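Labels below follow one simple rule: chain letters A, B, ... track the order of the sequence lines, proteins then strands, and each chain is numbered from 1. Keep in mind the model is a prediction, meaning the values are calculated, not measured.
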Amino acid sequence: MWRKIPLTKADIDLKTLLTCGQSFTWKETSPNIWSNVIGNVVFSLSQSENALLWCTPCRDQNEIKNISQLPSITRNYSHARNDNDEILGEHSSSLSLGANHIHNRITNSNDSHSHKDNGDTVIISKCPFSESDSHSKSPVSLKSETLTDPGNNISALPKAKESHNRCRKRQDKSDLLTNFKRKTTKMTALSNDLDSEPDYDNAKKLKTESEPPGHYYCAEDDKIYEQKLVDYFQLGVNLSALYKQWSSADKHFQLISDRFPGIRIMRQDPTENLFAFICSSNNHVSRISGMVNKLSQKYGTKLGTVDGTDLYSFPTADKLTGSKVESHLRELGFGYRAKYIVGTAKVLHKERPEGFLNSLRDRPYEECITELTKFLGVGRKVADCVALMSLDKSQVVPVDTHVLQIAIRDYSIPGVTKNTRSLTPALHNKIGKYFIDLYGDHAGWAHTVLFAADLKRFSDHKPVSKKTQSAPKKKQKPAKSAK
DNA sequence: AAGTGACCTGG
DNA sequence: CAGGTCACT
């Protein structure tokens with residue numbers, strides 16, 4: 001079952017966005033369909049002319065695994081009657097929901113590794129959204145529809161399995177609270193409910209009196225997952241308006257923008273993003289992707305399989321603190337970054353409070369950089385990437401060799417010429433400030449468009465006149481030892 | 001404050 | 001040489 005969010009290429013260009021070096025974990029699980037884990041949920045995405053298409057193909061597996069794995073979290077909500085047994089019991093029951101033709105058969109909770117076309121057969125014939133979110137002021141319409149066929153533009157769609165929401169899992173709730181609490185994100189009535197810790201069982205009773213339970217839960221459930229996407233892709237930000245602003249401020253951007261619409265900043269998980277960009281140092285995008293995937297594969301949790309591709313959660317920091325992790329990562333080809341990863345994981349897990357990285361979202365940019373660069377293997381550039389892509393610092397322009405080359409080639413910045421040798425902190429600041437002055441408070445977003453355009457320039461037209469410019473690097477910073 | 005080399009690996 | 005960082009000069 002696919003749903004769609006009405007969006008154009010100007011709002012989001014899915015394929016380019018997912019492959020332009022922001023996130024390293026999206027996989028094309030079948031032609032034109034991209035899958036990844038967002039907040040412990042497996043999502044599959046696709047795009048048609050006028051909509052972003054999405055589904056959650058592994059949701060059944062997720063719920064079962066999460067609930068059986070996280071009893072301690074369930075315990076936190078003691079007011080919500082009982083715990084695992086009852087929830088699982090509800091899962092295990094076969095539901096027949098009358099007019100909705102929902103048939104749901106859950107098999108064993110521990111065999112999700114093996115079954116490809118498993119017993120979680122769920123058919124939902126109809127599952128309309130409520131219209132209650134029409135108050136949203138998001139510049140893009142978020143009115144959604146469900147569909148059984150995403151449209152003619154898509155080929156070879158996977159047979160998506162779907163379930164209605166049999167129960168709210170507590171683990172998911174806490175996750176949602178984090179997301180919904182963003183100041184910049186318009187909250188729906190539902191999220192407000194979640195914020196105030198509702199009694200789900202009671203809510204269920206109330207609702208079942210007025211509506212078919214299948215309808216209600218399915219619609220609510222879809223909204224929650226859709227909201228994850230709205231948050232992840234920051235769909236509340238009007239990209240077209242920004243493109244116009246940047247174009248009027250910068251002729252060069254104007255030239256680029258027509259060929260590269262729909263490039264926005266994804267709001268990624270800080271932990272995953274931090275480790276991913278630690279891997280990025282002095283490295284190719286293809287190898288970065290491989291390394292991030294290995295971290296998930298070897299130290300994360302398998303959440304499901306989409307068209308033969310296994311998908312894993314990114315490991316929590318504590319999973320990367322073991323005594324043998326560094327040597328293992330070396331064997332896996334991480335090189336000197338193995339030490340950085342373990343060092344960072346240890347500090348994060350043992351010397352920082354729970355949710356530390358997420359808490360930086362509410363701190364000013366300078367403080368974010370100060371804190372992030374305390375981690376081993378994290379310099380200014382990596383810290384900037386995390387700040388921009390995970391900590392809501394939309395103005396940050398991460399200056400790397402690529403951006404330096406763009407600055408030299410396409411812009412006139414005093415002191416930045418083809419003779420520029422090293423990317424010193426002072427130069428970093430100067431270039432960053434130049435783009436912030438040029439583009440405004442979403443300068444980091446604009447920079448990503450330039451960056452994506454440059455990547456494409458190199459991948460599309462192979463033989464680029466690569467003037468063998470002496471690639472400048474090097475920089476320095478206060479000492480930071482592994483301890 | 002700015003400059004150097006080393007650091008892992010593989011496309 | 002690749003979307004750097006670290007330790008020293």
**Q.** 5′-ward residue of the pair A:His447/A:Tyr340 relative to DNA chain C
**A.** A:His447
Q: Answer yes or no: does a side-chain N or O of A:Ser422 lie under 4.0 Å from OP1 or OP2 of B:dG3?
A: yes
Q.
If the condition is side chain to side chain contact (heavy atoms under 4.5 Å, CB included), which residues does A:Tyr434 pass it with, not counting sequence neighbours?
A. A:Tyr411, A:Ile413, A:Leu438
[options]: which one has an atom nearest the side-chain heavy atoms of [X]?
X: A:Ala426; options: B:dT9, C:dG3, B:dA2; result: B:dA2
X: A:Met389; options: C:dG3, B:dA2, C:dA2; result: C:dG3
X: A:Asn282; options: C:dG4, B:dG3, B:dG11; result: C:dG4

Round to the nearest Å and state the distance from [X] atom [atom1] to [N] atom [atom2].
X: A:Ile288; N: B:dC8; atom1: CD1; atom2: P; result: 17 Å
X: A:Arg287; N: C:dC1; atom1: CZ; atom2: P; result: 16 Å
X: A:Lys339; N: C:dC6; atom1: NZ; atom2: P; result: 10 Å
X: A:Ile341; N: C:dC6; atom1: CD1; atom2: P; result: 14 Å
X: A:Ile406; N: C:dG3; atom1: CD1; atom2: P; result: 12 Å
X: A:Leu455; N: C:dA2; atom1: CG; atom2: C1'; result: 12 Å
X: A:Glu326; N: B:dC7; atom1: CD; atom2: P; result: 15 Å
X: A:Asn419; N: B:dA2; atom1: CG; atom2: C1'; result: 17 Å

Q.
Check the orientation of A:Phe451 and A:His447. Use parallel for under 30°, tilted for 30 to 60°, and perpendicular for over 60°.
A. tilted
Q: Could you check whether the rings of A:Trp54 and A:Phe43 sit parallel, tilted or perpendicular, using 30° and 60° as the cut-offs?
A: tilted
Taking ring pair (Phe, Tyr, Trp, His ring centres under 6.0 Å) as the test, write out the residues that go with [X], two or more places apart.
X: A:Phe253; result: A:Tyr243, A:Trp246, A:Tyr439
X: A:Phe233; result: none
X: A:His328; result: A:Tyr299

Using the [atom1] atom as the point on both nucleotides, what is the distance between [M] and [N], in whole Å?
N: B:dG11; M: C:dT5; atom1: C1'; value: 22 Å
N: B:dT4; M: C:dC1; atom1: P; value: 16 Å
N: B:dG3; M: C:dG3; atom1: P; value: 23 Å

Q: Among residues two or more places apart or on two chains, list those pairs meeting side chain to side chain donor-acceptor pair (under 3.5 Å) that have a residue in residues 313-326 of chain A.
A: A:Thr316-A:Asp318
(Q) Please classify the nucleic acid contact of A:Val382 as base, sugar-phosphate, or nothing, using heavy-atom distances under 4.0 Å. (A) sugar-phosphate
(Q) Classify A:Cys279 by what it touches in the nucleic acid, base, sugar-phosphate, or nothing, heavy-atom distance under 4.0 Å. (A) nothing
(Q) Can you list everything that forms a salt bridge (charged side-chain N to carboxylate O under 4.0 Å, His left out) with A:Lys298? Sequence neighbours excluded, please. (A) none
**Q.** Secondary-structure string, 5' to 3', Watson-Crick or G-U under 3.5 Å, | for another-strand partners, for DNA chain B
**A.** .||||||.||.
**Q.** Check: A:Lys381 side chain, C:dG4 base, donor-acceptor under 3.5 Å
**A.** no
Q: For DNA chain B, find the residues of residues 327-338 of chain A with a heavy-atom distance under 4.0 Å and give them by number; none if there aren't any.
A: A:Arg330, A:Gly333, A:Gly335, A:Tyr336, A:Arg337
Q: Starting from the 5' end of DNA chain B, give me the residue, A:Ser286 or A:Ser281, whose nearest nucleotide shows up first.
A: A:Ser281
Q: Verify the distance criterion only: is there a donor paired with an acceptor across the side chains of A:Asn429 and A:Arg380 at less than 3.5 Å?
A: yes
Q | Pair listing, ring pair (Phe, Tyr, Trp, His ring centres under 6.0 Å) test, anchored in residues 6-25 of chain A, at least two apart | A | A:Phe24-A:Phe277
